[in-house]
**Q** 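Attaching a single structure in C-alpha cells format; questions to follow.
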Amino acid sequence: MGRINSEELRDLLKVYFIMGSTNTAKNPEEVLKEAINGGITLFQFREKGEGALKGDEKYALARQLQKICRASSIPFIVNDDLELAMEIDADGLHIGQEDEPAERVREKIGDKILGVSIHTIDEAEAAIRAGADYFGLGPIFPTNTKTDTTPVQGTSLIQVFRKRGITVPIVGIGGITAQNAGTVMKAGADGVSVITAISQAISVTDAARELRKNV
Ligand code: 3NM
C-alpha cells in the first residue's frame with residue numbers, strides 16, 4: 001500500500017470531524033452518522049477531558065464509531081492512543097507535541113496516516129523529518145473545547161507556513177465554524193478540523209453540510 005499521497009490526503013482533510021463521548025449530549029454514534037450524511041470527509045476519535053471513557057468502554061466506543069466510518073469509507077483516525085490505533089487497526093493516528101515523539105510513532109504505525117499538531121515553523125520542520133503526513137495548526141480562533149492550547153494564532157500563521165514553502169497538507173483547528181471556515185481555507189489550509197460546530201449543532205447534518213459548502 002505505502003504511505004498515503006498528499007493529494008488524496010488533501011481531499012480527505014476538507015471537513016475533518018473530531019469527537020469523543022464528552023463532546024456531545026447525544027449518542028455519539030448517531031452524531032457521527034448524521035455528520036457523515038452531511039458530508040464530513042474524515043473522522044478522528046478523541047476521547048479526552050472530564051468524564052472521558054477509559055479502558056474497555058473506550059475501546060468499545062472506538063470500535064462502534066470505526067464501524068460506522070467503514071460503512072461509508074470515511075477513514076478513522078485515533079487521537080493520541082497508539083495502542084488503541086494498532087489494536088483496532090485504525091487508518092491513522094494524530095499526536096500532539098507532548099505525546100510520544102513522532103519518529104518513534106512513525107516506526108510503530110508503519111504506513112498509517114500520521115497527523116501532528118504543530119504551532120511553529122521549527123515544530124513543522126521536525127514533524128516533516130519525522131514522517132508526518134499532515135499538520136493540525138491551531139488554535140486559529142478562540143475555543144472552549146481545549147483549555148491547554150497555545151495562544152490563538154489567527155489565520156496568518158497558515159500563510160506564513162505556505163510562504164516558507166511548506167507544502168504538507170494543513171488543517172486549521174480551534175473555534176472553526178461554517179461562517180469562518182472560508183477564511184481558513186483562503187489562508188492556505190487544505191481543510192478544517194472541528195469539534196463543537198458539528199458535535200453540538202442543533203442539526204448535525206446541516207452543520208456538516210454548511211461546512212462542506214464553505215471549504
Ligand atoms: N486542538 P472546537 S484546538 C483539539 O489548537 C484541539 O491544537 C487545538 O475544538 C489546537 O472545534 C482544539 O470545538 C479544540 O473549537 C477544537
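In each ligand, atom 1 is the first atom listed, and ligand 1 is the first ligand listed. The structure displayed is predicted, hence computed values, not measured ones.
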**Q** Look at the aromatic rings of Phe161 and Phe135 and report parallel, tilted or perpendicular, splitting at 30° and 60°.
**A**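 Rings of Phe161 and Phe135: perpendicular, as their planes differ by over 60°.
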
**Q** For ligand 1, list the protein residues that place a heavy atom within a distance below 4.0 Å of one of its atoms, sorted by chain and number.
**A**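 Answer by chain and number: Arg46, Gly138, Pro139, Thr143, Thr145, Lys146, Ile173, Gly174, Gly175, Val194, Ile195, Thr196.
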
**Q** Show your working on side chain to side chain contact (heavy atoms under 4.5 Å, CB included) between Lys33 and Ile36 and close with a plain yes or no.
**A** CA-CA 5 Å; Lys33 284 181 196 164; Ile36 290 173; 5.8 Å; no

**Q** Cut-off 3.5 Å, no hydrogens considered: what does the side-chain donor-acceptor table look like for residues 60-74, sequence neighbours left out?
**A**
residue	atom	partner	partner atom	Å
Arg63	NH2	Glu87	OE2	3.4
Gln66	NE2	Ile88	O	3.0
Gln66	NE2	Asp89	O	3.4
Arg70	NH2	Asp89	O	3.4

**Q** Quick one, Val116 and His94 - any side-chain contact, counting heavy atoms below 4.5 Å?
**A**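 Val116 does not reach His94 side chain to side chain.
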
**Q** When you compare the side chains of Thr24 and Gln200, does any donor N or O come within less than 3.5 Å of an acceptor on the partner?
**A**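 Thr24 vs Gln200: no donor-acceptor pair found between side chains.
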
**Q** So which of Leu32, Val204, Val194 actually passes side-chain contact (heavy atoms from CB on, under 4.5 Å) with Ile40?
**A**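 Considering Leu32, Val204, Val194, a side-chain contact (heavy atoms from CB on, under 4.5 Å) with Ile40 is found only for Leu32.
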
